[in-house]
Amino acid sequence: MSRNDQWETVIGLEVHAQLKTATKLFCSCSTRFGEAPNSNTCPVCSGYPGVLPVLNGSAVEYALRAALALGCEIPPMSRFARKNYFYPDLPKGYQISQYELPLAVHGHLEIPSGDGTKRVGITRVHMEEDAGKLVHAEGASSLVDLNRAGTPLVEIVSEPDIRSAAEAADYVRTLRSILTYAEVCDGNMAEGSLRCDANVSVRPRGSTTFGTRAEIKNMNSFKFIEKAINYEIERQIELIEDGGKVVQETRLFDSRTGRTESMRSKEEAHDYRYFPEPDLPPLVLTPARVAEVRASLPELPDARRKRFADDLGLPTYDARVLTETRELADYFEDVVKAGAAPKAASNWVMGEVLRGLKGEAPAPSDLKWPPRYVADLIAMVEAGTISGSVAKTVIAEGLESGQAPAEIVKAKGLSQISDDSALFAEVDAVIAANPGEVEKYRAGKEALLGFFVGQVMKRTGGKANPKRLNEIVRDKLKAP
Ligand code: ADP
Ligand code: MG
Ligand code: ZN
């Protein structure tokens, strides 16, 4: 029996997503990334005594969009709370967060599972402010940068519905896709706009109670999420099989060693002494406001995926790949709107266009080829003006230069030779040059047909229309 048959993994994720507002959650400092340290700060986000926070209305709007996009219920009132702890990146000595009355509850999202999907529950979505950043300088000193302090975040807590590291990565991928569609978060994991804590436990398969969990903090790439969780699963199983016990603790993933290391145990866990934030009134959201924000949401990835499959007839796989980002889905739809058949458009966009984009977040707006050019290219292939393989050359070239397909075909003389008289001449030349092969063919070695076709293709640089060429070669070889 393999371990996988004996043990079941249980995972719940806590994801922090940075909201795309221009200013911070409780002051009007800029949230721009990469500015000079401590340039975007004021008495509020630097934690001076005697100042008062003022809630940023756009941040509430964005958090609400995120919650609604995740199918959450919005209670009529939520409340901010102080989460008290000491750390040098937190000048106030507390973080303003939400605790017993969060902004939103009871949501869900669908992750890919085989040919269908699997639902993962979302326990809650709440708003909170980010802390600053410590920069560990050479030697013993550390520097504090408060530019990030007070940046608006939503924390999205999942139910313990996730069953493997791959599902966890899929969950974060899906979440990122929903948040970027809803335009509330830029999804940039490398810059920390999306960070993930994973709670991981294992239990004997068939057991109905959960095992003790460890929490792995602050992972900011899909690769690390999978690696860290897989390492943690193995560690826990080994520990239990060796007669040990998992202890509830916080662990950190070290990307250099590929291992998770204990950071603090339950005994050392913070007591945050939460209490309601006295400087902010309860946040009341009327049904009318909620309805208004709900109505302003765009078509979300799930709905779009279903529409691509049901209305455009795309295979599940295509629909999933094409809807991963809103930009890519828009690009694909524009190719279809410009006249291409959906499946042909899908093939070219998923193949050559995606190949032309690099990195984790495809940005089709950076492409030098507008969707219309892809549609034109598909039309040229369908009309037999160019072959499929020439089309690949054209698109590769076009993505570099930005030239329209017809221009490239013309400038490089890539038009397919469908003209019979030109093809006759080429075939005649090949036949004249290979009398031995002709004889063998006529004696019954019909497999040689491919040889003659190949020779003509060679002479024409692949531009002969293959269908017509086959017919002509067959014809010419028949009669002496
Ligand atoms: P905390 O308040 O310590 O953060 P929560 O009860 O809010 O704990 O849970 C945090 C996350 O841990 C949630 O995503 C939840 O689904 C997950 N979780 C809770 N228990 C387990 C468990 N036994 N195994 C794996 N994940 C768990
Ligand atoms: Mg937690
Ligand atoms: Zn400020």
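Whatever order the structure lists ligands and atoms in, that order sets their numbers, starting from 1.
- Salt bridge present: D318 and K343 bring a charged side-chain N and a carboxylate O closer than 4.0 Å.
- Shown in contact with V157 at under 4.0 Å from a heavy atom are these atoms of ligand 1, numbered in order with element: 13 (C), 14 (O).
- Counting the atoms of ligand 1 from 1 in the order shown, those under 4.0 Å from a heavy atom of G12 are 14 (O), 16 (O), 17 (C), 26 (N).
- Contact annotation: for L13 versus ligand 1, heavy atoms closer than 4.0 Å belong to the backbone alone.
- Remark: ligand 1 atoms within the under-4.0 Å shell around heavy atoms of S158 are 13 (C), 14 (O), 15 (C), 16 (O).
- The aromatic rings of F253 and F224 lie tilted to each other, with the angle between the two planes from 30° to 60°.
- Atoms of ligand 1 lying under 4.0 Å from any heavy atom of V10, numbered from 1 in the order shown and given with element: 24 (N), 25 (C).
- Taking a cutoff of 4.0 Å between a charged side-chain nitrogen and a carboxylate oxygen, K83 and E128 do not qualify as a salt bridge.
- Checked by atom type and distance alone, the side chain of R148 pairs as donor or acceptor with a backbone atom of G132 at under 3.5 Å.
- Taking distance alone, with nitrogen or oxygen atoms compared against 3.5 Å, T212 stays at or beyond that limit from ligand 1.
- Classification of K92 and E129 as a salt-bridged pair holds, one side-chain N sitting under 4.0 Å from a carboxylate O.
- With respect to the salt-bridge test (charged N to carboxylate O, under 4.0 angstrom), the residues R326 and E299 do not qualify.
- Where the criterion is an N or O separation shorter than 3.5 Å, residue side chain and backbone included, E215 fails it with respect to ligand 1.
- A salt bridge links R307 with E333: at least one charged nitrogen is closer than 4.0 Å to a carboxylate oxygen.
- Residue P160 approaches ligand 1 through these ligand atoms, each under 4.0 Å from one of its heavy atoms: 16 (O).
- Of all the atoms in ligand 1, the ones that sit under 4.0 Å from a non-hydrogen atom of E159 are 16 (O).
- Annotation: side chain of V353 is in contact with side chain of I395 (closest heavy-atom distance under 4.5 Å).
- An N or O contact shorter than 3.5 Å links G211 to ligand 1 by distance.
- Scanning T250, I11, N199 for the heavy atom closest to atom 17 (C) of ligand 1 points to N199.
- When the options E14, R213, Q248 are ranked by their closest heavy atom to atom 19 (C) of ligand 1, first place goes to R213.
- Ionic pairing of K337 and D330 is not present here: no N-O contact between side-chain nitrogen and carboxylate oxygen is shorter than 4.0 angstrom.
- Using a cutoff of 4.0 Å between basic side-chain nitrogens and carboxylate oxygens, R289 and E292 are not scored as salt-bridged.
- Around the Zn ion (ligand 3), protein N, O or S atoms at less than 2.8 Å number 4.
- A salt bridge links D254 to R256: at least one charged side-chain nitrogen sits closer than 4.0 Å to a carboxylate oxygen.
- Within 6.0 Å of CZ on R203 lie more than 12 heavy atoms contributed by other residues, nucleotides or ligands.
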